[in-house]
Amino acid sequence: MITSQITKAVIPAAGLGTRFLPASKVVAKELMPIVDRPSIQYIVEEALEAGLTEIIFVLSRDKSKILEYFEDNPTLNHFLSDRGKLHLLDDLKKFQKHCRFQVVYQDKPLGLGHAVSCAKEAIGNEWFFVFLPDDLIDNSPSCAQQMLEAWKTYQGAMVAVMEVPWEEVKHYGVVKAQPISSFVGKVETVVEKPKREEAPSNLAIIGRYLLPPEILPLLAQVGIGALGEIQLTDGLLKLAKNKGMYALQFEGERYDVGNKLGFVEANLAYALKREEMKKEVLDIISLLATSR
Ligand code: UTP
């Protein structure tokens with residue numbers, strides 16, 4: 001485990017999740033399972049593995065089940081220990097042992113930049129990570145660990161980026177970066193959801209950000225941006241201009257579990273990673289492929 005003085009992870013999960021309606025009407029999309037655990041658990045695990053122990057959820061009032069999921073449940077603990085299911089118990093308890101959870105509320109989904117601002121007091125005057133729960137990144141070392149490693153060298157704000165097909169740049173924050181090593185570039189500009197012909201590159205920001213507290217006053221100056229929301233990207237542009245910012249092309253497989261296809265793909269990919277399921281899952285896939 002890489003250790004650093006950065007301990008805080010902000011996880012914004014106050015969005016409406018409209019792409020998962022009708023299911024998201026009653027179950028937060030972040031609690032929908034990838035195989036057998038909520039997608040947000042993979043994110044908290046990535047944070048924990050990177051040595052981040054203070055987890056700050058930004059939630060809407062009707063998504064408090066997310067915090068409940070990570071809290072201790074004595075009735076379930078007793079049940080599992082009576083039945084000797086100690087591996088399940090350990091799995092559930094590791095969060096209380098190693099993390100401290102906090103919730104801040106965003107009463108209206110005014111945008112990702114606004115969601116991060118809502119965590120201002122919890123962040124204080126420290127460097128922090130932002131993890132978007134829609135982006136699962138499968139790799140060892142994790143994307144957050146790769147960013148921390150690069151941060152030791154560059155000591156500057158950093159976003160995780162990957163190349164996406166040009167026709168998809170309109171869905172992302174897109175950076176133009178001057179390469180300074182094989183994986184790292186110095187960000188020159190960043191644009192939220194550009195049209196293909198206006199995009200400065202096809203390097204898209206994927207949901208991992210390592211930020212200094214100076215981003216917070218900059219976000220307070222940001223007005224309404226793309227989609228009528230207060231965009232984190234607009235704060236990042238100010239940060240890149242004022243203090244500099246780096247973009248890291250991470251290694252790893254990324255799944256966008258905020259959309260249906262990515263969610264199905266992630267379920268298959270993570271099931272295939274489980275030795276005990278692999279063969280059956282492959283059989284199911286080939287059976288489905290031949291029977292359609
Ligand atoms: P998205 O806009 O991609 O997700 O926000 P959404 O709003 O939850 O889902 P759709 O588009 O309606 O299906 C990216 C991340 O930022 C959080 C979301 O919860 C998601 O994790 N977010 C977004 C907030 O916390 N607050 C906001 O105001 C907007």
Side-chain angles (χ1 to χ4, degrees), residues 6-34 37-48 50 52-73 76 92-96 98-124 126 128-137 144 173 205-211 213 215-216 219-220 222 224 227-233 235 255-259 262-263 266:
I6 302 173
T7 59
K8 294 185 176 173
V10 175
I11 307 183
L16 296 173
T18 51
R19 284 168 290 170
F20 272 91
L21 283 170
S24 56
K25 193 173 164 214
V26 288
V27 181
K29 68 172 175 182
E30 296 82 0
L31 290 178
M32 292 181 194
I34 306 296
R37 57 204 60 208
S39 55
I40 200 164
Q41 179 165 339
Y42 295 87
I43 300 292
V44 173
E45 282 169 353
E46 182 180 335
L48 195 55
L52 309 170
T53 51
E54 296 188 59
I55 309 292
I56 303 158
F57 292 123
V58 183
L59 302 179
S60 56
R61 305 262 166 200
D62 57 355
K63 285 173 109 176
S64 50
K65 285 270 173 209
I66 291 179
L67 178 63
E68 209 178 292
Y69 176 77
F70 289 98
E71 282 175 341
D72 208 21
N73 179 336
L76 182 60
L92 289 171
K93 285 199 146 243
K94 70 175 179 235
F95 298 109
Q96 291 97 49
H98 301 294
C99 300
R100 198 168 72 89
F101 293 99
Q102 267 191 81
V103 169
V104 296
Y105 288 104
Q106 185 192 28
D107 285 322
K108 275 192 186 159
L110 298 178
L112 184 56
H114 180 257
V116 173
S117 302
C118 291
K120 190 171 166 213
E121 298 200 343
I123 293 164
E126 292 176 35
F128 63 102
F129 263 91
V130 176
F131 289 74
L132 297 194
D134 280 354
D135 285 321
L136 298 193
I137 300 174
I205 302 179
I206 303 302
R208 304 286 182 277
Y209 311 76
L210 177 47
L211 299 171
I215 186 75
L216 297 165
L219 281 174
V222 163
I224 305 290
L227 304 181
E229 295 182 347
I230 297 172
Q231 296 289 353
L232 179 58
T233 304
Y255 302 94
D256 178 1
V257 297
N259 83 58
F263 178 78

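Here the straight-line distance linking atom NZ of K93 with atom CG of N73 works out to 10.0 Å at 0.5 Å rounding. For the atom pair CD1 of I66 and CD1 of I55, the computed distance is 13.0 Å after rounding to the nearest 0.5 Å. Interatomic distance, CD1 of I123 versus CG of L216, reported as 4.5 Å (0.5 Å rounding). The distance from the CD1 atom of I56 to the CD atom of E54 is 6.5 Å, given to the nearest 0.5 Å. For the atom pair CD1 of I230 and CG of L219, the computed distance is 9.0 Å after rounding to the nearest 0.5 Å. Atoms OH and CG, on Y209 and L132 in that order, are 4.5 Å from each other to the nearest 0.5 Å.
Annotation for P133 and I43: closest pair CA-CG1, 3.8 Å, computed over non-hydrogen atoms. V257 approaches G262 most closely through the heavy-atom pair CG1-O, 4.2 Å. In terms of heavy-atom proximity, Q106 sits nearest to A14 at OE1-CB, 3.2 Å. When all heavy atoms of V222 and G235 are compared, the pair lying nearest together is CG2-N, 3.6 Å. Here the closest heavy-atom approach between residue S39 and residue K29 is recorded as OG-O, 3.8 Å. For the residue pair A9 and A47, the shortest heavy atom distance occurs at CB-CB, 4.1 Å.
Applying the ring pair (Phe, Tyr, Trp, His ring centres under 6.0 Å) test to F70 and every residue at least two apart in sequence or in another chain returns F57, F95, F101. With sequence neighbours excluded, the residues that form a side chain to side chain contact (heavy atoms under 4.5 Å, CB included) with D62 are S60.
A salt bridge (charged side-chain N to carboxylate O under 4.0 Å, His left out) check over residues 8-20, counting only residues at least two apart or in different chains, returns the pairs K8-E126, R19-D134.
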Check the pair I205 / L232 against side chain to side chain contact (heavy atoms under 4.5 Å, CB included), numbers first and verdict last. CA-CA 11 Å; I205 302 179; L232 179 58; over 6 Å; no
Go through the steps for F131 and V44 under the test side chain to side chain contact (heavy atoms under 4.5 Å, CB included), then give the verdict. CA-CA 9 Å; F131 289 74; V44 173; over 6 Å; no
Carefully, step by step, assess I224 and H114 under the rule side chain to side chain contact (heavy atoms under 4.5 Å, CB included). CA-CA 10 Å; I224 305 290; H114 180 257; over 6 Å; no
Please evaluate residues V27 and M32 with respect to the criterion side chain to side chain contact (heavy atoms under 4.5 Å, CB included), reporting the C-alpha separation (whole Å), side-chain torsions for both, the decisive distance (0.1 Å), and the verdict. CA-CA 7 Å; V27 181; M32 292 181 194; 4.2 Å; yes
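Using a 4.5 Å heavy-atom cutoff, the side chains of S64 and V103 are not in contact. The shortest side-chain heavy-atom distance between V58 and V116 does not fall under the 4.5 Å cut-off. Counting heavy atoms from C-beta outward, F129 and I11 have side chains that stay 4.5 Å or more apart.
The main-chain N or O of T18 is never found under 3.5 Å from a side-chain atom of S24 such that the two would form a donor-acceptor pair. A donor-acceptor pair is defined here as one N or O able to donate and one able to accept, closer than 3.5 Å; such a pair exists between the side chain of K63 and the backbone of G15. Between the side chain of Y69 and the backbone N or O of I40 there is no donor-acceptor pair closer than 3.5 Å. Counting only distance, with no hydrogens or angles, the side chain of T233 and the backbone of G173 share no donor-acceptor pair below 3.5 Å.
Within a 6.0 Å sphere centred on NZ of K94, other residues, nucleotides and ligands contribute more than 12 heavy atoms.
Under the 6.0 Å distance and 45° angle rule, R61 counts as a cation-pi partner of Y105.
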